[in-house]
Amino acid sequence: MNRKNALAAGVAAALALGSVTMVATQSTAAPRPTAAAGASASQPGAGFRAMTADARREAIRTAGRNAAATARELGMGPDERLVAKDVLIDADGSRHVRYDRTYRGLPVIGGDLVVHLAEDGTITGSDLAHQGAVRIAGTTPKLTAADASAKAVKHARHVKKAKAGSKDSALVVYAVGKIPVLAYRSTVTGEGETGPTSREAVIVDATSGAALDQYELHQSVTGTGNGVTVGQVSIETTQTAGGYTLTDAAHGGTIVYDSYNSPQSNPRQNARSFSKTTNSWGSGTSSSRESAAVDASYGLAKTWDYYKDSFNRSGIRNDGRGARAYVHVDNSLVNAFYDDNCFCMYFGDGSSQNGNTPVTAVDVAGHEMSHGVTAATANLTYSGESGGLNEATSDIFGTMVEFYANNVGDPGDYYIGEKLNMSGGSLRRMDDPATDGRSLSCWNSGAGSVDVHLSSGIGNHFFYLAAEGTGAKTIGGRPHTGTTCNNDTFAGIGKDKAAAVWYRALTTYMTSTTNYAGARTTTLQAAADLYGTNSQERYLVSKAWAAVSVGTALPDPGTGTPTPSPSTPTPSPTTPPSGNALTNGGFEQGTSGWTQSDNIITNSSLQAARDGSWYAWMMGYGADAIESLSQSNIAVPSTGTPKLTFWLKVSTQESGSTAYDTLKVNVNGTTLATYSNADASSGYVQKTVDLSAHKGQTVKLEFAGTEDTYLSTIFLLDGITIG
């Protein structure tokens with residue numbers, strides 16, 4: 001698993017982009033029923049059964065009643081409880097239940113999971129953000145809440161003149177890494193990009209006070225211009241005794257307020273409702289305060305309708321409730337953001353840089369509302385790679401809303417905020433994210449360390465290629481390029497099918513700590529569910545991921561011939577120029593050259609590499625588990641005495657000389673060496689394995705880890721060579 005620190009999703013998410021590395025989903029799912037190849041993705045719910053609000057509430061109550069039995073079946077400990085959050089039901093009656101986890105009443109960050117059940121209630125699989133039971137030494141902290149607040153202020157990175165009170169620090173169990181720890185979650189306020197009362201979440205170890213993670217609660221975008229009107233449109237209002245208000249009863253009671261230029265630090269300070277005696281609103285120019293409200297009302301209604309018509313989703317939380325929206329925030333704010341705390345959205349007034357045009361474009365409204373959908377489903381942590389996925393999700397569905405609206409003045413395209421009069425033409429481009437000079441078009445090992453609004457480019461690029469394929473084309477009157485990171489060419493599956501795959505993956509399989517590798521796994525499962533395991537749709541989804549450097553393409557189901565990837569090493573059995581027959585033996589190129597059962601290769605600060613920043617972290621769950629890290633097509637030298645050399649560090653909670661947890665070195669399926677908890681060491685120790693029996697051969701090297709049900713053992717690997 002990718003163990004770089006990351007938290008539950010940030011409370012607020014904005015139109016801008018950002019990043020941090022996340023823990024990948026640990027999947028134990030059994031094969032699930034799949035739709036016939038060619039099944040339509042336009043059916044409501046992308047394969048889900050329609051439910052009334054009452055039926056959904058009853059399904060959640062049923063899941064709650066079954067929570068204790070489910071926890072026992074999943075092997076959770078006696079101090080853990082599951083809290084049902086949402087339920088989705090497939091057309092065949094299969095259920096997907098999303099739970100949050102607590103430990104002795106404390107929230108578990110990184111403890112969320114999805115349980116998959118057949119129609120008869122039998123559990124068929126599960127996807128967990130943290131694999132296995134949660135165990136910590138105790139829930140009595142060494143630090144007081146006041147101590148934690150002081151530590152949080154010291155560790156805060158995103159705000160200046162930071163402050164935090166003890167009431168802002170709460171005990172939690174931090175289970176993002178392999179070994180859960182007791183921690184405090186603190187909210188720190190101070191001056192930052194979002195104003196004088198910017199907020200940052202800081203997680204500190206409740207024993208040592210060490211920082212485990214931090215992220216901004218308001219991610220802000222600052223641009224050079226924005227602004228768009230939707231022209232003459234129909235909007236839903238409510239008639240009152242005195243006239244009309246901008247309350248949309250047809251969409252859950254969504255209400256648009258005038259923030260009346262309240263400061264961003266308190267955007268509802270001067271807020272007032274829009275009301276008038278006639279039902280005609282705005283003049284189509286920014287000089288009329290009503291014009292921005294029309295844009296927002298129209299965009300939010302189209303977003304609601306898109307989710308309803310495409311996925312049978314009733315509102316952001318799928319509970320039929322509308323949200324509040326505030327336009328005219330601040331005096332020169334070129335930004336928009338969503339806040340799940342108040343279930344509301346805020347839209348800035350623009351600035352002189354963009355002609356004071358309000359930031360209320362259709363794709364902006366769709367983007368912000370989709371942050372709420374993510375918060376209500378996978379709850380992707382707003383940092384690291386999962387933060388990039390969170391932002392990409394909003395860009396994907398904001399774009400789909402723009403296509404759905406089919407507004408004559410704002411035709412659908414894959415540019416984000418193209419109507420905001422940005423100096424670069426748009427905020428972002430999904431077809432070629434790197435054109436802005438900052439966003440990532442291709443995954444790399446540092447993707448989790450850049451701003452989530454930049455790492456989102458990887459997900460955006462994937463979606464464009466999955467939908468439209470490669471090659472240049474004009475969409476919505478704008479030029480688009482279908483360039484790839486591996487020079488591959490292929491067709492797309494269409495934007496509606498691509499969106500159906502993403503939505504099903506988001507709502508059914510992703511968890512708060514899903515990263516890009518996990519997103520590939522979940523979208524491939526979603527494509528199999530919707531179109532069949534051997535469908536062209538699933539194959540092309542894998543091609544699109546390979547085209548942004550995430551994994552390799554699946555075999556073409558039409559020919560059964562694997563699609564080669566330019567990055568896949570195929571050496572012949574000769575000594576390589578570097579003297580190391582292995583590719584990326586020090587892991588400094590991330591996962592390049594390696595196949596891993598989970599996100600084993602990491603640069604997490606929770607452990608240390610022997611050299612450089614990257615290393616392989618195997619096992620350490622404290623529960624029944626297996627892991628594998630392997631590399632194929634290795635050319636063992638044909639001269640001299642070839643050997644495998646690597647550095648190994650073993651840390652364990654076990655005692656004695658009995659080998660409870662093991663790491664085996666296998667070559668072509670034969671075990672050549674075994675290490676265990678009995679080999680515990682304070683640091684890295686160099687190990688050597690004789691490969692003379694394989695001289696001149698092309699082999700597969702595998703490190704295979706096994707852990708028993710109690711107490712954890714961590715095996716760290718670095719500096720692996722064959723020569």
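It should be emphasised that the depicted structure is a prediction, and the values quoted were computed from it without experimental measurement.
- Under 3.5 Å, the side chains of Asn668 and Thr670 contain no donor-acceptor pair of N or O atoms.
- For the pair Lys664 and Tyr675, the NZ or CZ position fails the cation-pi test of under 6.0 Å to the six-membered ring centre and within 45 degrees of the ring normal.
- Ring pair His367/His371 is perpendicular by interplanar angle, where above 60° counts as perpendicular and below 30° as parallel.
- Panel note: side chain Gln525, backbone Tyr509; no donor-acceptor pair is recorded below 3.5 Å.
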Intermediate values then yes/no, side chain to side chain donor-acceptor pair (under 3.5 Å), Ser597 and Glu627: CA-CA 6 Å; Ser597 59; Glu627 283 186 335; 5.3 Å; no
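- In this structure, Leu524 and Arg538 have side chains that are in contact, with non-hydrogen atoms separated by less than 4.5 Å.
- Evaluated for a ring-ring contact (aromatic ring centres under 6.0 Å, His included) with Phe646, the options Tyr615, Phe715, Phe587, Phe703 yield exactly one hit, Phe703.
- Taking the six-membered ring for Trp and the full ring otherwise, Phe462 and Tyr516 have centroids separated by 6.0 Å or more.
- For the pair Asp436 and Arg429, the salt-bridge criterion is not met [side-chain N within less than 4.0 Å of a carboxylate O].
- In this model, no donor atom of one side chain and acceptor atom of the other lie less than 3.5 Å apart for Asn584 and Ser592.
- The backbone N or O of Ile720 lies less than 3.5 Å from a partner atom in the side chain of Asn580, making a donor-acceptor pair.
- Aromatic ring orientation, Phe397 versus Tyr306: tilted (interplanar angle from 30° to 60°).
- Tyr531 and Gln536 share no side-chain donor-acceptor pair at under 3.5 Å.
- When only modelled atom types and interatomic distance are considered, Thr393 and Asn390 share no side-chain donor-acceptor pair under 3.5 Å.
- Residues Trp545 and Thr523 have side chains that bring a donor and an acceptor to within less than 3.5 angstrom of each other.
- For the residue pair Tyr414 and Asp395, no side-chain donor N or O sits within less than 3.5 Å of a side-chain acceptor on the partner.
- Under the 3.5 Å distance criterion, with hydrogens and angles disregarded, a donor-acceptor pair is assigned to the side chains of Asp112 and Ser512.
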Check against side chain to side chain donor-acceptor pair (under 3.5 Å), Asn666 and Thr671: CA-CA 4 Å; Asn666 299 328; Thr671 300; 2.6 Å; yes
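- By the 6.0 Å and 45° rule, Arg610 stacks over the aromatic ring of Trp647.
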Worked verdict on Thr721 versus Leu644 for side-chain contact (heavy atoms from CB on, under 4.5 Å): CA-CA 6 Å; Thr721 63; Leu644 164 69; over 6 Å; no
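- Aromatic ring orientation, Tyr307 versus Tyr503: tilted (interplanar angle from 30° to 60°).
- Comment: Glu468 engages Lys473 in a salt bridge, judged by a side-chain N to carboxylate O separation of less than 4.0 angstrom.
- Under the side-chain hydrogen bond (donor to acceptor under 3.5 Å, both in side chains) rule, His116 has a single partner from Thr124, Asp90, Asp127, which is Asp127.
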